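Quick caveat, the model's predicted, so the values are computed rather than measured. Positions are given from 1 along the sequence.
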Amino acid sequence: MKKSILSMVFVLSASAALSACSSAGSSGDTGAGSGKTYEIKVAHAAPATNDRLETSLQEFKKEVEAKSNGAIKINTFPASQLGGEREQIEGVQLGSLHMAAVSTGPLPGVFKDSMVFDLPFLFNNEEQAYAVLDGPVGQELLQNMAAQTGIRGLAWGENGFRHFTNNIRPIQKPEDLKGLKIRTQENPLHMDMVKALAASPTPMAFGEVYSALQQGVIDGQENPISLIESMRFYEVNKYATLDGHVYSPYVLMINDAFYQTLPQDLQKVLADAAKNWSTVQRDLNKKQVDAGVENLKQKGMNIIELTDEQKEAFRNATKSVYDKYRNELSSGLIDKVLQAAEEAK
């Protein structure tokens, strides 16, 4: 009952928001010169300061507002101010939230095929991931998401390669994870990967992870270096293993119904700025990761870097995940992505 009431509130809010803009969406209307303004909320879960996501979204804001001649106003809401990533995705789908920049971790809740990019050890490096995400396969996935969910993906960003941290022991081989309680995103594939490594997956909202580590509710977690640093997980975890088990993209998304109400020139402003955001955000992420590893060492965190042979042991231990999801995702999707990844090497 509670969920139904909340959903009704979301829908009513969405209807009000969309009706306020619908008069500007007629064919031929030129938004930048019409005198109308559109205030767009963009939510995300990353920190409000010293993080590449908010910084890149401020650049997105500047470009959109300048190129739309002030017809679009962007307001960002970092640090889960408008809910965790799952709530942000639901908000964009329902229309109660215009836009969000979220990781793909909780996205399968509304678009199951997005799990294909969460397959363990799918990509060897960032450049290979960019080629697949920005190429035909990645763009086709965004188109399918819009058609199936009403969420339009404007561009792929970079959350980064995910690594394990914990407070119990160094992780150097798959067996070292046995019995550890590891926080995961609310993503079935992530949970299956952790189970394949004989650990216990514990899904929870991102904003709850620090206190759960501090209180010993969980032993460890897995996230990119940039978030391990910016969320200060080094204060509550001793060990970080740079295994890079999953490459995690961000998706800059917008409610498609709202997007379609915008004049075509303003749609183009958003689409072009989103592509530029992707480049800026990825560059910022790389710099933050490079500096982050050194900072974690200085903060006293024990950093374990794996050899190729050690990573291969983790890859072999998680092969069962591929076997399971071949039958759960769209037919041929995993093989299509694997072929694109192989061609991008």
- Query: Is a side-chain donor-acceptor pair under 3.5 Å present for Q339 with E343?
  - Reply: yes

- At their closest point, which heavy atom of G179 faces which heavy atom of D219, and how far apart are they? O-OD2, 4.3 Å

- Message: Looking at K275, I'd like to know if its NZ atom is crowded, meaning that more than 12 non-hydrogen atoms belonging to other residues, nucleotides or ligands lie closer than 6.0 Å.
- Response: no

- So, the side chain of T149 versus the backbone of I151: is there a donor-acceptor pair under 3.5 Å, distance only? yes

- Item | Chi angles and distances behind the side-chain contact (heavy atoms from CB on, under 4.5 Å) call for Q185, E85 | CA-CA 10 Å; Q185 293 179 298; E85 287 191 325; 3.6 Å; yes

- Item | Connected via hydrophobic side-chain network under 4.5 Å: M145 and V42 | no

- Please confirm whether H245 and F164 have ring centers closer than 6.0 angstrom. yes

- Query: Looking at E65, E63, E59, which hits side-chain hydrogen bond (donor to acceptor under 3.5 Å, both in side chains) with K61?
  - Reply: E65

- Query: Are any side-chain N or O atoms of T307 and backbone N or O atoms of Q310, one a donor and one an acceptor, separated by less than 3.5 Å?
  - Reply: yes

- Note on the structure: Residues L97 and N255: closest non-hydrogen pair is O-CB, 4.2 Å

- Message: Can you classify the ring geometry of F258 versus H98 as parallel (below 30°), tilted (30 to 60°) or perpendicular (above 60°)?
- Response: tilted

- Indicate yes or no for a side-chain donor-acceptor contact from T318 to the backbone of F314 under 3.5 Å, with no hydrogens or angles considered. yes

- Is it the case that R169 and N302 place a side-chain donor and acceptor less than 3.5 Å from each other? no

- Message: Side chains of E126 and Y247 only: does a donor on one sit below 3.5 Å from an acceptor on the other?
- Response: no

- Task: Before accepting this row, confirm whether a basic side-chain N of the pair R282/E158 lies closer than 4.0 Å to the acidic partner's carboxylate O.
- Result: no

- Query: Which pairs count as side chain to side chain donor-acceptor pair (under 3.5 Å) when at least one residue sits in residues 73-82, sequence neighbours excluded?
  - Reply: E54-T76, Q58-T76

- What one should report as the nearest heavy-atom pair of I225 and V289 is CG2-O, 3.8 Å

- Query: When you measure from the side chain of Y322 to the backbone N and O of P120, does any donor-acceptor pair fall under 3.5 Å?
  - Reply: yes

- Query: Taking all non-hydrogen atoms of both residues, which atom of A341 and which atom of F123 are closest, and how far apart?
  - Reply: CB-CE2, 4.0 Å

- Message: Quiz question: by atom type and distance under 3.5 Å, do the side chains of T165 and E222 form a donor-acceptor pair?
- Response: no

- Message: Taking the ring of W156 and the ring of F117, is the distance between their centroids below 6.0 Å?
- Response: yes

- Query: Going by distance alone, is a donor N or O of one side chain under 3.5 Å from an acceptor N or O of the other, for D118 and N187?
  - Reply: yes

- Query: So, for W277 and S56, which heavy atoms are closest and what is the spacing to 0.1 Å?
  - Reply: NE1-OG, 3.0 Å

- Message: We want to know whether S230 and N50 form a side-chain donor-acceptor pair, criterion being a heavy-atom distance below 3.5 angstrom.
- Response: no

- Nearest atoms (heavy-atom pairs only) where I254 meets L270: CD1-CD1, 4.0 Å

- Taking atom CZ of R232 as the centre, report whether more than 12 heavy atoms of other residues, nucleotides or ligands fall under 6.0 Å from it. no

- Message: Check whether Q281 reaches the backbone of L53 with its side chain - one donor and one acceptor, N or O, closer than 3.5 Å.
- Response: no

- Item | Electrostatic pair D283-K287, nearest N-O below 4.0 angstrom | no

- Query: Under the side-chain hydrogen bond (donor to acceptor under 3.5 Å, both in side chains) test, which residues partner N166, sequence neighbours left out?
  - Reply: none

Show the atom names and distances, to 0.1 Å, of all donor-acceptor pairs under 3.5 Å that link a side chain in residues 192-206 to residues at least two apart or in another chain.
unit_1, atom_1, unit_2, atom_2, d
D192, OD2, K324, NZ, 2.8
D192, OD2, Y325, OH, 2.5

